[in-house]
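The structure under discussion appears below in the form of structure tokens.
None of these values were measured; they are calculated from a predicted model. Numbering of ligands and ligand atoms starts at 1, following listing order.
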Amino acid sequence: MTLTRRAILAGTALAAAPTGSQVLAQTPAAAPAAQGASSQQAPGFYRYKVGDIEVTAIHDGFARRPLEGFVRNAELAQVQQAAQEAFLPNDVLPITFTTLVLQNNGRLTLIDTGNGDMGAPTSGHWMRNFRAAGFDPARVDTVVISHFHGDHINGLRLKDGTAVFSKAEVMVPAAEWDFWMDDARMNQAPEGMKAAFQGARRVFGPIAKDVKRYDAGKEVITGLTSVAAPGHTPGHTAFLLSSGAGKLMVMSDITNHPALFVRNPDWSAVFDMDADQARATRRKMLDMAAAERAQVAFYHAPFPATGHIAKDGNGFRFVPIQWNPAI
Ligand SMILES: [Zn+2]
């Protein structure tokens with residue numbers, strides 16, 4: 001039996017059809033629009049606890065990328081098949097952006113900042129959602145950056161040059177700084193990569209002497225330890241957030257969309273600068289998350305971008321958490 005509108009109205013499509021058709025008969029033909037109904041989405045923020053630390057995921061919207069050419073080492077048909085299995089479009093991939101806010105001992109810390117006013121027209125919702133969650137950019141104490149790609153750093157500074165988090169200390173991976181702020185390397189970079197070097201200078205140049213560079217394997221702020229996760233970029237960093245028995249693996253860009261790269265951890269996204277190293281890092285981190293049944297957060301997973309990793313065949317599955325109305 002196929003599930004068509006006609007079959008449902010005829011009461012033949014579902015086992016529960018007799019009551020279903022009664023319900024339909026009682027429904028007014030034209031229900032008045034609910035009060036406050038509009039085409040606006042609810043604000044994109046979601047809170048959860050890791051021990052005593054309150055985490056708030058803040059959504060910045062999404063960007064579309066053509067599937068063609070997105071995975072370097074798989075045929076388009078295979079990539080389309082993976083997209084289809086996840087009920088995603090077979091021509092473009094919607095890539096979402098979710099940053100984290102940590103409230104810990106009265107201090108406010110951000111991990112990454114979103115696209116600011118420099119991203120795709122379907123992004124740039126970060127500040128509205130951040131404020132809707134009750135936060136004030138002027139009260140951010142620390143901004144911890146995972147790597148220097150524009151979708152992670154551009155929220156620090158508006159296009160017109162204004163610093164968004166006026167009193168925040170900015171902390172960046174030392175290895176990332178050394179790579180992207182090296183003028184000789186920028187001058188040797190292929191044309192297509194120059195914009196990323198210039199983007200890092202736009203954001204960090206005016207505060208260069210104040211930016212704090214952190215090493216891997218260090219407690220960056222209380223409860224947040226940096227984990228070297230190179231490959232996506234040379235200094236790409238993941239984090240372990242822990243408080244009491246609570247633990248969260250902040251995966252940053254270990255994978256892009258989980259439907260492609262958690263399922264197929266050996267695939268290389270076009271953004272991975274060192275594909276082999278990124279693959280090794282990805283396998284290691286996903287294996288660890290699965291073995292420890294740890295909660296994970298990804299920057300590019302569907303909102304609220306947190307869940308767990310299960311082993312599945314030669315790859316893994318991302319299992320989202322259930323919405324919890326309590327924190
Ligand atoms: Zn990214």
Side-chain angles (χ1 to χ4, degrees), residues 44 57-67 69-72 88 92-101 110-126 129-130 143-157 170-173 175-177 179-180 192-193 195-200 202-204 226-239 249-262 264-265 267-275 277-279 281-282 285-286 296-307 318:
I58 307 279
H59 194 47
D60 186 37
F62 68 98
R64 293 186 185 90
R65 286 285 303 208
L67 271 192
F70 191 68
V71 181
R72 284 209 202 104
L88 291 167
V92 290
L93 182 68
I95 301 175
T96 55
F97 311 98
T98 300
T99 78
L100 299 179
V101 179
L110 310 183
I111 304 179
D112 292 337
T113 64
N115 295 273
D117 56 0
M118 307 278 289
T122 45
S123 70
H125 301 288
W126 190 90
N129 291 328
F130 182 70
V143 179
V144 179
I145 295 295
S146 68
H147 66 294
F148 280 14
H149 279 162
D151 53 324
H152 299 252
I153 63 172
N154 280 340
L156 272 169
R157 189 175 300 284
V170 177
M171 305 183 72
V172 306
E176 199 68 350
W177 182 275
F179 181 84
W180 295 105
M193 255 185 79
F197 283 91
Q198 284 153 0
R202 183 193 79 84
V203 170
F204 300 117
S226 56
V227 179
H232 179 64
T233 62
H236 177 258
T237 300
F239 304 92
M249 289 175 72
V250 179
M251 304 292 246
S252 306
D253 283 15
I254 296 275
T255 83
N256 197 278
H257 200 304
L260 300 190
F261 302 99
V262 171
N264 303 279
W267 284 4
S268 295
V270 66
F271 306 125
D272 291 343
M273 288 173 67
D274 183 330
Q277 195 178 35
R279 201 183 344 269
T281 296
R282 186 178 308 123
M285 299 285 289
L286 292 173
V296 298
F298 290 101
Y299 197 77
H300 295 300
F303 194 72
T306 183
F318 174 61

dist I254:CD1 -> M285:CE (nearest 0.5 Å) comes out at 4.5 Å
Nearest 0.5 Å, please: how far is NE2 in H152 from OG1 in T233?
9.0 Å
With the Zn ion (ligand 1) as the centre, enumerate protein N/O/S atoms below 2.8 Å in chain and residue order.
D151 OD2, H152 NE2, D253 OD2, H300 NE2
Check ion pair R72-D272 (N to O, under 4.0 angstrom)
no
Using only atom types and a distance under 3.5 Å, with no angle test, would you say the side chain of T99 pairs donor to acceptor with the backbone of T113?
no
What residues, two or more places apart in sequence or in another chain, satisfy ring pair (Phe, Tyr, Trp, His ring centres under 6.0 Å) together with F271?
F70
What I'd like to find out is whether the side chain of H232 reaches to under 4.5 Å of the side chain of N256, using heavy atoms alone.
no
